[in-house]
Every structure is written in C-alpha cells, then in structure tokens.
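Reminder, nothing fancy here: chain letters follow the sequence lines and each chain counts from 1.
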Protein chains: 2
Amino acid sequence: MASADQEKSEHPGFDGARARVRLRVPSVAERVAEELRYQLAEGFLVPGAKLTEATIAEDLGVSRNTVREAFAELAGERLLIRQPNKGVYVATLEAGDIHDVYTVRRAIEVSSIRAGGSPERIAAVRAAVEEGKRAAAADDNEGLGSANQHFHGAIVALAESNRLDTIMAQVLAEMRLYFHKATMNAHFYSDWLTENEQICSALEAGKLERAGDLLLAYLNRSEQQQTAIHGA
Amino acid sequence: MASADQEKSEHPGFDGARARVRLRVPSVAERVAEELRYQLAEGFLVPGAKLTEATIAEDLGVSRNTVREAFAELAGERLLIRQPNKGVYVATLEAGDIHDVYTVRRAIEVSSIRAGGSPERIAAVRAAVEEGKRAAAADDNEGLGSANQHFHGAIVALAESNRLDTIMAQVLAEMRLYFHKATMNAHFYSDWLTENEQICSALEAGKLERAGDLLLAYLNRSEQQQTAIHGA
DNA sequence: TTCGCTGGATTGTTCAACGATCCAGCGATC
DNA sequence: GATCGCTGGATCGTTGAACAATCCAGCGAA
C-alpha cells in the first residue's frame, strides 16, 4: 500500500512543473507501520510472536494510540492478527493459506501477463530478469529473492492497475513473512532463473498465451514445493 | 472484510459442539465502520463529501479516536480517502478507476470460474441466478442489484479463497458507492439476467472455457457502459 | 480432578490538551 | 485591479492519562 503510489505524472512539462504530489510526509503511524513491516520482512518478528501495544509504543517512542493505528493497518494487510481483548500476533500460516495465496497469485499474475502491456512495462519485466542474473552471478542470495519479487511485481504492473499492484504488494509481503529466507535454500532459486527468462522472452515476442502457460506452470509447481515444505 | 468471515467449521459433530468462534462481539470501531459502510452503500454519503472526525464522533456518540480507527479501516478499503491535515472524504471516481476496478474483476472472476468449483458452490451460483429471476418477476429493482452482486460474489467463491472473497467484497463495495442506484436505470439490468443464466448453465455443464468467455464478454461490455455514463 | 474465585496484566475506549497544518478572508502594496 | 503576505479559525495529528472490560494463571476448596 505504501510502495507504489504517488506516481501520477500528468502532461509532464506542459503547464509547467506544478507539483502534483504534496511532498508526502508520512505520518507517525505510517512510519511505525513501515518499521513493523520491515521487521516482519526481515524476520525479526516471527510468525506467532505477540506484540504488546505498550511495549512497542515505548520501544519506538510513540503513543499507544499511534501504535494501535499502525496495528490496524497491518492487520488489514493480513500481516498481523488481532485477537480481541488478547492482543495482536504476527500472522501464522493456517491450513489452506498456501493454496489461498497462490490462488490469488494465479488469478492476477496470469491475467496480467495474458493481457500484455506497454513496451515500457515489458522492459521493466526484462530489467527484473537481468537483475536476477546479476544477483546469481554475484552469488547474492538476498538479491535473488528480491529480484524474483520484482519480476512478479513487474508482471502484475503490466496491467497498469493500482488496485492489482497493491494487492500484489500485500501478497508478496505475506510471502516474505511466511516463507522467510531461512526456510528457502539456494537450490530453490536455481530453476526459475531460466524460467523467468523464458517467460520474459515469450512476453517480448508477443506470445502471450505461452507466457501465461509458463507462468501458470511455475506458480503451480511453486505451490507444490511450498506445500511440501510447510504443512498443507 | 467484515462480511464473510467467522465460518470455520472443523470436524463438525465429532469432538462435540465446541464453539469455534468466540461469539464475535464487534468492537465499537468496527460497528462505526459498519455504520459508515452502510451509509456509503445506501447513498447517504455521496462521493466527495467530507467527513469531519468531531462531527461523526458526536453523531454516533463515540470518541474521536474510535472514529479515526474506523476511518483508517475504510480508507484501507478505498471507500474513504485521507488527505493529511485536511480531512477524510468519500472516495470519488478518478480517471482510470473504472478500468482499474474492472481489471481486478476480470482477473479474479474469470480465473475463478475457469477453475470450476464444488457442486455446492455451483449451486450457490445457481441460487443467485434464481434470486435475480424472482426479483425481476416482482419488479424489485433493489433486489435485482443485490442479486447480481450475489451472482458475481458466488462466482469468486468458487475458488474457495478467503483472500479473493474479501478482495471481491471490497470491489463490490466500491461499485455500490460509485455506481449508485440512482445512476443505473432498470434497462441496465435487463440484459444480464439472461446472460447470467447462460453463464450458470455453462458452468453447470462443465463448459468452463465457455463460461469464462461469456463472463469476460459481460465484464468488458459492462465496463464500456459504465465508462460511457461516467467519465473515462 | 474439577470448580470457582481472585489478582494482575493487557486491551478497548474515552477524554482533554496542544502543536501543526490548512484555508478563507482581508488588507497592503505595486 | 491583481498579487502578496498576514492572521484567525477550524480541523487534524499525536500525546498522555484514566478507567472499564476482558482474559489468564494461580490457588484454594469441594
């Protein structure tokens, strides 16, 4: 939600460089949410951990009410779970959640790639592929992960839909939380590097059906792998 | 988000009728959000209207902080828009929003119907079709609208994905807000009644490809109509 | 073992306050 | 007459404190 907003350039350079976006000063609650998002993605907060309002408030030096606002936002993104009168906990993987997440990804990713996209957007997909190659060459495991996320984010971005973009961003945040770096070995990354290349090539060649099929096959296989590692 | 939750029956009737859900007493903030959602769907709050925290708080007899929590929730659902230091406004239709919303619908509805679903879920789709027929016979314009929403909600429910369900619920809430009853005449409803029937029949017959194509065609045409009425 | 009570901890909600920000109005200046 | 700058009022953003409601663990009694 806070990732790919505020880009709304209209008739650039015509009516003068009138500022379109009010310089975006994030509120305190948003910064708290951002900090928590970071700690969730980085693994400092593991699934199931309890977050006490007073503690977080003191740690970050903000009011308890502000922390509550941040909690509400993250709960809306399914990263935290609120149990009334008990507290908020880092979301845990429930039965069927893996299938659920991949169902969403299949819907929006395949639909986006089948519709194609502007040359600029396709170039962004290509850029993510190259980013992955560089990370692989540099043996940068961390970079490999984010490159893959950029790749799939770029695919959804083909559709030029803000709503799909934010949905995808949330799903990716969920996956970062659940399938943390610790749970995925390097081998896990090896195969999709060439597969992303194929998907991108098909996309560039205008073979949208084939690109969609490849992507769908990848998502199905990925779901199987994740299901094998974690519970059903 | 508050619509289709709390249904999690596990091994029913085996270990005894242990209550699975804690009787769900909505918090005050949630009830405020629900009330606002209702007023938005019903048209009491029109797009662009300004909601002042203090006013709402006094009207509903709750604290200003509680209202803020409700605002945050509705802003996350894109029903309200927060302008920092200015106030919250009922969301208005921006350029491209129609296409955006329909892009989401195409992605999740077509994907859901193409994957088919259990007989029970298909029966739910059929039930929505019949509900529409009854409303048409009774000349119930109000009922026609909700029957159509139930139909498309049931299609997404085929996928058995909680996440897709909440996404769809939000999108439908947006559409209720934007394309309010006042803006759509009875003629607008007439054609899709038979079309829903065809889609449902194809689904029941297992002709998933055809059902998907019909649904896609409907969504494209519906987008065109809405675009023609409102701006681009 | 089970039941019921009790105390402590945490959440849910309210209230009051203050600085920050925006907006409309209004006068001054060129 | 149009632009600029100021000022006051309204509203938001955030804080801190307070109190009721709820949950949980522990403990004692039946």
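Whole-Å rounding puts the Q83(B) CD to dA20(C) C1' distance at 17 Å. For E58(A) and dT15(D), the CD to P distance is 14 Å, given to the nearest whole Å. To the nearest angstrom, P of dT13(C) lies 14 Å from CD of E69(A). The separation between N65(A) atom CG and dA16(C) atom C1' is 12 Å, rounded to whole Å. At whole-Å resolution of the value, CZ in F71(A) and C1' in dT10(C) are 12 Å apart. Atom OH in Y89(A) sits about 11 Å away from atom C1' in dT11(C), given to the nearest Å.
The two residues S112(A) and I155(A) have their closest heavy-atom pair at CB-O, 3.4 Å. The shortest non-hydrogen separation linking D97(A) to T92(A) is OD2-O, 3.9 Å.
Remark: R31(B) does not engage E35(B) in a salt bridge, criterion side-chain N to carboxylate O under 4.0 Å. Taking the charged nitrogens against the carboxylate oxygens, E73(B) and R37(B) do have a contact shorter than 4.0 Å, which makes a salt bridge. A salt bridge does not link E131(A) to R134(A): none of the charged side-chain nitrogens sits closer than 4.0 Å to a carboxylate oxygen.
Look at T66(A) and you won't find any side-chain N or O under 4.0 angstrom from OP1 or OP2 of dG13(D). Residue R68(A) places at least one side-chain N or O closer than 4.0 Å to OP1 or OP2 of dG12(C).
Partners of A128(B) by side chain to side chain contact (heavy atoms under 4.5 Å, CB included), not counting sequence neighbours, listed by chain and number: H150(B), F151(B). Listed by chain and number, the residues in a side chain to side chain donor-acceptor pair (under 3.5 Å) with E69(A) are R68(B) (sequence neighbours excluded). Listed by chain and number, the residues in a side chain to side chain donor-acceptor pair (under 3.5 Å) with S118(A) are E120(A) (sequence neighbours excluded).
The list of ring pair (Phe, Tyr, Trp, His ring centres under 6.0 Å) pairs with a residue in residues 39-95 of chain A, not counting sequence neighbours, is empty.
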Dump every N/O contact between nucleotides 8-11 of chain D and the protein below 3.5 Å, one line per pair.
none

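For the helix from dT1(C)-dA30(D) to dC30(C)-dG1(D), the angle separating the two terminal helix axes comes to 20°, with each axis derived from five pairs and the value rounded to 10°.
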